[in-house]
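Per chain, numbering begins at 1; letters A, B, ... match sequence-line order.
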Protein chains: 2
Amino acid sequence: MPLTERPDRMDKKPTIEPKGRQQPRVKIEDVARKANVSPATVSRVLNHPEIVRPELRDKVMRHITDLSYTRDSAARALKSGRMRTIGVIVPTLALGIFAEGVEALQNRLSESGYTLFIANSQYDQRRELQELQSLIERGIDGIVLVGGSHGRELRALIEQAGVPVITTYVSKAVGGIPAIGIDNERATREMTEYLLRLGHVRFGAIANVVAASNDRSRARLEGIQRALSDAGLPLRPTQIIKADYSLAQGRSALRQLLTDHPDTTAVICTTDTLAIGAMAEARKIGVAVPATLSITGFDDVELAAQMDPPLTTVSVPAAEIGRGAADYLINAIAGSPLPRSVLLPYRLVMRSSTGPPRSSERPPRRRRSPG
Amino acid sequence: MPLTERPDRMDKKPTIEPKGRQQPRVKIEDVARKANVSPATVSRVLNHPEIVRPELRDKVMRHITDLSYTRDSAARALKSGRMRTIGVIVPTLALGIFAEGVEALQNRLSESGYTLFIANSQYDQRRELQELQSLIERGIDGIVLVGGSHGRELRALIEQAGVPVITTYVSKAVGGIPAIGIDNERATREMTEYLLRLGHVRFGAIANVVAASNDRSRARLEGIQRALSDAGLPLRPTQIIKADYSLAQGRSALRQLLTDHPDTTAVICTTDTLAIGAMAEARKIGVAVPATLSITGFDDVELAAQMDPPLTTVSVPAAEIGRGAADYLINAIAGSPLPRSVLLPYRLVMRSSTGPPRSSERPPRRRRSPG
DNA sequence: TTGTAGGCGTTATCAT
DNA sequence: ATGATAACGCCTACAA
């Protein structure tokens, strides 16, 4: 009789049952009894089928399915000391780039019999620490983090728990935590150099660096600054607008930038979301992209290619990062030797939101001088 | 000595350790010995502090923190039969609406000491079943699903496991599974009626109904069809374009729709992503929105309000759905009496992607007749 | 108020 | 090849 059929079932007592399962779970012993074998044999059928006589194995198997027995993972974990469980803490799932990475991570883990605990920190290091504590108490066998900005406490906690860890979306190991991801700083440096080659000299940057823990965007901003300094065009503070990760802030950031520096010809954003906001605002205030203003993003979200004009951006291999993190941890748990960190390639995707400045004081360096 | 410092530690044996934790975990017995009390007392300090003499309690507490003891959740779960763990299976995290719901779900669960297992089905019922199986083996105390299209097998599995379930983003219980969400059909019916009142008579629909399990979009499509039938303007098959959930398909769908029915004045999409794709395509082929063509979406994603023109859509309370699902399961686990289903309000958000048709054969019914 | 002891379900060791 | 048994760490009757 389906439990879910009637709100009030009147079989046993009407009092609430605050804990435990209702139907006593079928266990190995039940299967063993039905099959007239010992519990040990059932266990062997489950874990080492090859050492059980085929006919017996089949018989046991039949009873297993008959009773639809499933093993109790708690008991298993208690015995083996391993939970076959991985935890991930992302800043937020609202950013498609993290959602994509988590999805890939889960898919790969699932293939290997692992299950994924998820938590989010809202870019708050204290919350991240709490969530980690909870995950470690849960007995996770490995942990995936994002970025390299983590407190000493967090590292101590991980170390003490002896849990393999990897951090993602960045490429440099920090505090002994290996990383898998891209070189954010280099990517924006290249992007900036591309714009310099196009002839731009008046730049602006919109960076989501308000969260202390966002070292990805910080590195991206540094890449921009370094490229411009190297070109003798260092960014002044008013040319850098700090924002969070929302689209609306991309809009207001562009407005502010153009108020302070109306003659800006190129805006580099550390996130597609910000760039898309900036493009929306540019359209609204009648600034032509890319004729009057070039805009670049970072992440290459689905929408980037569909914008009008399509957004020039940096493609981040989020799915590959997720898969790589899964592989790393699975190997680490198995005790395999591991690379310290994995540097993944990004891709500069040149679309139509960028072009040469309308009137370049310092024309692009080409063979033929401009007519 | 940090484990992570050197790849090769030479303290014990150089062979790999395929299983188990390295450092033997500190357990209740260790604390008990240090504190000169029985293991039972330590356990009581942990679980029922009020029944332990304060001074003794404090002493034990000190040793607990000193040894930084954490309880073994596997053993705990084995004893109590409860894991304090909830599972969720979404079609994909790539859709912001699901990511948002999962995030809210996790936040609420975390407040109550629960941890969230996440899995994704890719809109595939077989995969959903597999993931569910794995979650149930993990001993989850509750499960969150999306939508009402689930196979008999899945329902049987849940019932047999005796695990509380709730399905989300829909409002009607199916097969005994309670739901929390909105009335999708009613929402698009209202949206369609709104367009009818504006004077539209030539409609098109773009619906992501290729996945068999997507009953949300199916209901939304039915809402459109019903409203139009009621108005004596039933949709012909060629006026309905079926798509998946990608932005690119929104583009191609609009192209196809306008090829077959160039005189269409209103397009209703079952997803913002599709609507945004349709708007992008409209702009590209020079169709003015809303002057020539009205477009509506569904979900109210962040970008919807930022489009040019801002997108008329239906706002789905994803965060509220996530929180509500968490509350429902927490109560269900505690044995509290529960409502069968929860109907949440949606909100029609009228923005500027909709307007009256340019030349309405059948003018809007107003007091003053059109000039 | 605190201690003793048994068992939760599984699996590995040892014996047959 | 299969069976008996002990132990994983914790919790809770029950005893003191």
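Taken residue by residue, residues 52-71 of chain A places heavy atoms nearer than 4.0 Å to DNA chain C at Y69(A), R71(A).
Contact between the side-chain N/O atoms of T41(A) and the OP1/OP2 oxygens of dG3(D) is found at a separation under 4.0 Å. Residue R76(A) has a polar side-chain atom (N or O) positioned under 4.0 Å from OP1 or OP2 of dT11(C). Residue H48(A) places at least one side-chain N or O under 4.0 Å from the OP1 or OP2 atom of dA12(C). The side chain of N47(A) places no N or O atom within less than 4.0 Å of a non-bridging phosphate oxygen (OP1 or OP2) of dT10(C). In terms of phosphate contacts, S43(B) brings a side-chain nitrogen or oxygen within less than 4.0 Å of OP1 or OP2 of dC11(D).
Ion pairing between a basic and an acidic side chain is recognised when a charged N comes within 4.0 Å of a carboxylate O; R323(B) and E320(B) show no such pairing. Salt bridge present: D30(A) and R33(A) bring a charged side-chain N and a carboxylate O closer than 4.0 Å. Ion pairing between D72(A) and K27(A) fails under the 4.0 Å rule for side-chain N and carboxylate O.
Here the nucleotide nearest the side chain of K79(A), chosen from dG3(D), dT4(C), dA12(C), is dA12(C).
Counting any heavy atom pair closer than 4.0 Å across all strands shown, I28(B) reaches sugar-phosphate atoms only and no base atom. Counting non-hydrogen atoms under 4.0 angstrom, K27(B) reaches the backbone sugars and phosphates but no base.
Computed from coordinates, the L46(A) CG to dT11(C) C1' distance equals 11 Å when rounded to whole Å.
Taking the six-membered ring where tryptophan is involved, the planes of F117(A) and F117(B) are essentially parallel, since the angle between them stays under 30° and well short of 60°.
Along DNA chain C, the nucleotide closest to E50(B) and the one closest to A75(B) are compared, and the more 5′ of them pairs with E50(B).
Residue pairs that meet the side-chain hydrogen bond (donor to acceptor under 3.5 Å, both in side chains) test with at least one member in residues 38-47 of chain A, sequence neighbours left out, are S38(A)-T41(A), S43(A)-N47(A), N47(A)-R71(A).
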